[in-house]
Amino acid sequence: MTCLEDYPPEVRAEVGQVRQSVCDLHAELPRWGLVVWTAGNVSQRLHSADLFVIKPSGVRYDELTPESMVVCDLDGNLVDGTRSPSSDTAAHAYVYRHMPKVYGVVHTHSTYATAWAARGEEIPCVLTMMGDEFGGPVPVGPFAIIGDDSIGRGIVETLRASRSPAVLMCNHGPFTVGKDATAAVKAAVMVEEVARTVHMAMQLGDPLPIPQDRIDALYDRYTNVYGQH
Ligand SMILES: O=C(CO)[C@@H](O)[C@H](O)COP(=O)(O)O
């Protein structure tokens, strides 16, 4: 088993930075009402080595510290840390191995997104916010049980067929990806928001679909123009 001391100083420095960032981002999960107890996790991949930092399993968010964050290789093997890594480590690792542009992964059981997952139904693209953030519907991934690569495989296969940074794993809940952990946390916040809004709309009637060319225009503007450049 390799250990952190086997890596050059610049890798160990990035590990310290990413541990702080991933620890801080976990506070966003209860802040935005995305988790109960410890039912969610955040990870970020390093740029300087094939490693990623993830939450320790079952540790309450107000007890997390940068030092408690666990460092794993892309096969999910423990490289540095005194705690056991998240029970979703294999899924995060699989995503990193098979989606090279992804450097952040988040998993929650946020209420409305998980309710859509329980029904195995994608969230239709009926909001401009969905065109912006997801470039279309939020897709549903296959039913998969924790313990091997099946969840990770389902995430990757589903996201490769979509522009969405979020996937609703059937009967389980949302997984989101991004260029870093902050982007993946944002996607987790946004998928819960649109899941709730579309659910509310459906209580009042049939939401109106947005034409595909308008969705494409929304996604292009949001991806390339929105915000500060
Ligand atoms: O979905 C599950 C368990 O079924 C997990 O996502 C846990 O809810 C969070 O696990 P840890 O990250 O604390 O190991």
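We count residues from 1, following the sequence as given. Numbering of ligands and ligand atoms starts at 1, following listing order.
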Find all protein N or O atoms under 3.5 angstrom from an N or O atom of ligand 1 and list the pairs with distances, or write 'none'.
| unit_1 | atom_1 | unit_2 | atom_2 | d |
| --- | --- | --- | --- | --- |
| ligand 1 | 1 (O) | H109 | NE2 | 2.8 |
| ligand 1 | 1 (O) | H172 | NE2 | 3.0 |
| ligand 1 | 6 (O) | D88 | OD2 | 2.5 |
| ligand 1 | 6 (O) | H107 | NE2 | 3.2 |
| ligand 1 | 10 (O) | S87 | OG | 3.1 |
| ligand 1 | 12 (O) | N41 | ND2 | 2.9 |
| ligand 1 | 12 (O) | K55 | NZ | 3.4 |
| ligand 1 | 12 (O) | S86 | OG | 2.7 |
| ligand 1 | 13 (O) | K55 | NZ | 2.9 |
| ligand 1 | 13 (O) | G58 | N | 2.8 |
| ligand 1 | 14 (O) | S57 | OG | 2.6 |
| ligand 1 | 14 (O) | S87 | N | 2.7 |
| ligand 1 | 14 (O) | S87 | OG | 2.8 |

task = Kindly write out the residues that satisfy side-chain hydrogen bond (donor to acceptor under 3.5 Å, both in side chains) with E14, not counting sequence neighbours, or none if the list is empty.
result = S48

key: Listed partners of E63 passing side-chain hydrogen bond (donor to acceptor under 3.5 Å, both in side chains), at least two apart   = none

request  = Please work out whether the ring planes of H47 and Y103 are parallel, tilted or perpendicular, with thresholds of 30° and 60°.
outcome  = parallel

message = Using ring centroids (six-membered ring only for Trp), state whether H107 and H172 fall under 6.0 Å.
response = yes

request  = List for me each residue that meets side-chain hydrogen bond (donor to acceptor under 3.5 Å, both in side chains) alongside S86, sequence neighbours excluded, and say none if there are none.
outcome  = N41

ask   = Is there a donor-acceptor contact under 3.5 Å from the side chain of E192 to the main chain of A113?
value = yes

